[in-house]
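Every chain is numbered from 1, with letters handed out A, B, ... down the list of sequences.
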Protein chains: 2
Amino acid sequence: MSRTAAPRPRWQRRPAARPDEILDAAFAVFVEDGFARAKLDDVARRAGVSKGTLYRYFDSKEALFREMVRAKIIPCVVQGEELVRTHGGSARDLLVTVIRRMWDTVRSAEVAQIGRLVQFELGSFPELGRFYFDEVIARTRRLLQAAIDRGIASGEFRRVPHHFATRAVASLLVHSAQHQCFFASLDPAPLTDEQVLGGVIDIVLNGVMVRPPSRSKA
Amino acid sequence: MSRTAAPRPRWQRRPAARPDEILDAAFAVFVEDGFARAKLDDVARRAGVSKGTLYRYFDSKEALFREMVRAKIIPCVVQGEELVRTHGGSARDLLVTVIRRMWDTVRSAEVAQIGRLVQFELGSFPELGRFYFDEVIARTRRLLQAAIDRGIASGEFRRVPHHFATRAVASLLVHSAQHQCFFASLDPAPLTDEQVLGGVIDIVLNGVMVRPPSRSKA
DNA sequence: GCTATCTTACTGACCGGTCAGTCACTAAAC
DNA sequence: GTTTAGTGACTGACCGGTCAGTAAGATAGC
């Protein structure tokens, strides 16, 4: 009678799948609680393994945190670089497209949460700051600057001092997105995502575009 | 012989001064370590009292944190409101002045750190979010909007949709300031504070100012 | 194809350090 | 003498990290 029962072992060996599953679980738990409050028991439970297994794949809680950030954020940067490299239209078109795409990225709860986490944990993990600056901030700046430079070359954009337009775009997008994520629910008159995005594009373009020679309305 | 010695008691009762001293110590420690990692023993030592004394003035670690945020951030908002209320010149002048003043505020390590802390701890302290939105974000927006509205009324500024200019100013300032605080040291080619501030003003004005009727250069 | 053997992925009870919060006590100050 | 600000040793919960043990599943031998 019990011949057919229990063909399923109590657990399975799945060494190839474990690391990603653990990173996903770690993301959820670190985002929820922050590094210090996050419990490895929670990560383990969520990943469907025991705590000991975590230590087979990651050296420590810190190492797990670092790998998690890396795994979640790098693909977003690569995607943006791809877009700039392959886009064909006008510079204005490219910039608007980049901004829209970047908005979708930073507006996602996932990335916004990572940004929040990283900024906070910077003080505790110096090497995390180095990594984040080099691999996320600097690369993002470079891809934005490439889009803007194209517009300067074509005469569509003015040459903003100190390449500040790049930083302005990044600041507006990141900060607005985080605001939408964390404060919109508290706002009695929140803006929609479309309104915010439109606002960012409006401010950026009208600060970046060369003034049309004559456009008086009256 | 020992008649003159030891007139100094081992400790003094100073109930009026303790709360502020404890709040200052709490600020330093919370900023350094974040809420979860901060140790009340450290706060006590820094304030020159014992841990038990903390509990005479504050109900819990959480309460201490909330009161600390309140004590550090509100004066900054009040100062900004004052400025807008009393300023006499043109709207452009007022806006630039507000931006400069606000930059000095958010650029200070103290306020940047509070912002970082608050944003991070939002998830753990719902009522902190409510307080921060109502008493910091909303009030700051209102004072910025007052400055911008003055410019719209006088014809100096265009009417940006959804009052987004207000948000753009705040985002640019806060995010740029935090960037200067936390990442400038990692940047191989950092901008000076003056350059960043100039960049913000440039972007904001050229997105906000009504285009001069004719200013063709050629 | 069936069992014996070996490797190693995985488990989970346990340990030691940490720290928020308590309380019985001390002494400053009126 | 009374009040109460202030002390600091203590406690109990919590959690990162360990490790001896278990069993999955691959491989070898027959």
Between protein and nucleic acid, restricted to nucleotides 26-28 of chain C and to nitrogen or oxygen atoms under 3.5 Å apart, what atom pairs and distances do you find?
residue : atom : partner : partner atom : Å
C:dA28  : N3   : B:Arg13 : NE           : 3.1
C:dA28  : N3   : B:Arg13 : NH2          : 3.1

More than 12 foreign heavy atoms under 6.0 Å from NE2 of A:His87: is that the case here?
-> yes
For the pair B:Arg14 and B:Glu21, find out whether any cationic side-chain nitrogen is under 4.0 Å from an anionic carboxylate oxygen.
-> yes
Between C:dT11 (C1') and A:Arg18 (CZ): distance, integer Å | 11 Å
Near DNA chain C, which residues from residues 38-66 of chain A have a heavy atom under 4.0 Å away?
-> A:Val49, A:Ser50, A:Gly52, A:Thr53, A:Arg56, A:Tyr57
For B:Gln113, does its backbone N or O pair with a side-chain atom of B:Gln178 as donor and acceptor, under 3.5 Å?
-> no
Salt-bridge present (A:Arg167, B:Asp187; N to O < 4.0 Å) = yes
Above 12 or not: heavy atoms from other molecules or residues under 6.0 Å from CG of A:Asp59?
-> no
Can you see which heavy atom on A:Cys181 is nearest to which on A:Ala112, and at what distance?
-> SG-CB, 3.6 Å
Output yes when B:Asp42 and B:Arg45 qualify as a salt bridge under the 4.0 Å nitrogen-oxygen rule, no when they do not.
-> yes
For the residue pair A:Ser124 and B:Arg37, confirm or rule out a side-chain donor-acceptor distance under 3.5 Å.
-> yes
